[in-house]
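Inspection log for the structure reproduced underneath, given as structure tokens.
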Amino acid sequence: MANETTNITGIDTHADTHHVAIINEHGKPLADREFLAVGSGYRKIVEFITSYGTVTAVGVEGTGSYVAEIAKTLRGEGLCVLEVNRPNRAARRLKGKSDPLDAYQAAQSVLDGRTTSIPKAKDGPVECLRILRAGRTSALKARTAAINQIKGLLVSAPDKLRSKYRGLGPRR
């Protein structure tokens, strides 16, 4: 269905699948479909959304861990990816929860101009620092837990063993 129209895409993301919806520049629904959240699924998403014309922008619901790779793939294809807030709760209560509805609402948010946030790339020096800080925090928590466990065991240990370690700081 290749043509010269423009479209706006919305994606409702989940751990295992992503639901993609396409609307035209006037907000008319064109198509929606579910894809696996894996590399081959991401390539199929790109093929699917570009088959409906030029993609103006892609609204992605949240840009956390479920979204990182699809956002990276879409940006790699030169597409404008925007972060969309969760759908309006009142509208969800009226119409019910469904992945296609959430995907269409993500696309509509982009069309209405309710989103201008560009998701973080999740790469580069900032991401490296985040990973290092997460590792350090985890190591410090493990160290503290080990020290507390040793202290707890020494409390009920025989006096000969307790006296050997009495007065030693956590480093020793």
Side-chain angles (χ1 to χ4, degrees), residues 1-139 141:
M1 181 185 236
N3 54 40
E4 296 306 314
T5 63
T6 60
N7 74 62
I8 298 167
T9 301
I11 303 178
D12 181 33
T13 60
H14 301 283
D16 299 321
T17 61
H18 296 328
H19 203 96
V20 179
I22 303 170
I23 61 174
N24 67 14
E25 64 272 13
H26 305 293
K28 179 183 174 197
L30 298 177
D32 70 270
R33 198 166 137 202
E34 188 174 70
F35 296 89
L36 291 176
V38 295
S40 61
Y42 302 148
R43 288 188 296 278
K44 289 177 183 176
I45 289 173
V46 171
E47 291 171 13
F48 177 66
I49 64 178
T50 55
S51 71
Y52 283 85
T54 303
V55 181
T56 304
V58 179
V60 183
E61 187 180 305
T63 57
S65 55
Y66 295 156
V67 181
E69 195 60 31
I70 184 62
K72 184 177 178 181
T73 301
L74 294 169
R75 279 193 309 272
E77 293 293 324
L79 300 174
C80 174
V81 180
L82 299 171
E83 183 174 3
V84 175
N85 291 329
R86 294 181 71 183
N88 181 325
R89 290 180 186 222
R92 289 179 80 178
R93 278 192 294 275
L94 292 173
K95 296 181 181 178
K97 161 71 174 124
S98 78
D99 294 341
L101 178 64
D102 288 351
Y104 278 116
Q105 286 181 346
Q108 192 65 45
S109 291
V110 173
L111 180 64
D112 295 345
R114 289 183 281 156
T115 181
T116 57
S117 175
I118 297 172
K120 294 177 184 171
K122 299 259 185 185
D123 59 5
V126 173
E127 185 66 7
C128 291
L129 185 58
R130 186 191 68 77
I131 291 168
L132 286 173
R133 286 185 53 85
R136 181 179 187 275
T137 300
S138 178
K141 285 181 181 179

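In this structure, Thr13 OG1 and Glu61 CD are separated by 6.0 Å, a value rounded to the nearest 0.5 Å. Within the model, atoms CG of Asp32 and CD1 of Ile22 stand 9.0 Å from one another, a figure rounded to the nearest 0.5 Å. Glu34 CD to Asp16 CG: the interatomic distance, rounded to the nearest 0.5 Å, is 9.5 Å. Once rounded to the nearest 0.5 Å, the distance linking CD1 of Ile45 with CZ of Arg33 reads 9.5 Å. The CG atom of Asn7 sits 11.0 Å away from the CG atom of Leu111 when rounded to the nearest 0.5 Å. Here CG of Leu129 is found 11.5 Å from CZ of Arg136. Values are rounded to the nearest 0.5 Å.
Contact annotation: the side chain of Ile23 approaches that of Tyr104 to within less than 4.5 Å [non-hydrogen atoms, C-beta and beyond]. Asp102 is not listed as a side-chain neighbour of His19, based on a closest heavy-atom distance of 4.5 Å or more. Side-chain contact between His18 and Tyr42: present, with at least one pair of heavy atoms (C-beta onward) separated by less than 4.5 Å. Looking at heavy atoms from C-beta onward, Ile49 lies in side-chain contact with Leu79 at the 4.5 angstrom threshold. Using a 4.5 Å heavy-atom threshold, the side chains of Leu74 and Thr9 count as separate. Residues Glu77 and Thr50 fail the side-chain proximity criterion, which asks for heavy atoms closer than 4.5 Å.
Listed here is the closest heavy atom pair of Ala15 and Ala37: O-CB, 3.6 Å. Closest heavy-atom contact between Ala107 and Ala21: CB-O, 4.3 Å. Pairing each heavy atom of Thr6 with each of Glu25, the nearest pair is O-OE1, 2.9 Å. Across all non-hydrogen atoms, the minimal contact from Ile11 to Ala106 is N-CB, 4.1 Å.
Proximity of a side-chain donor or acceptor of Ser109 to a complementary backbone N or O of Gln105 within less than 3.5 Å is detected.
Ser40 pairs by the side-chain contact (heavy atoms from CB on, under 4.5 Å) definition with Val38, Arg43, not counting sequence neighbours. The side chain to side chain donor-acceptor pair (under 3.5 Å) test applied to Asn24 returns no partner, not counting sequence neighbours.
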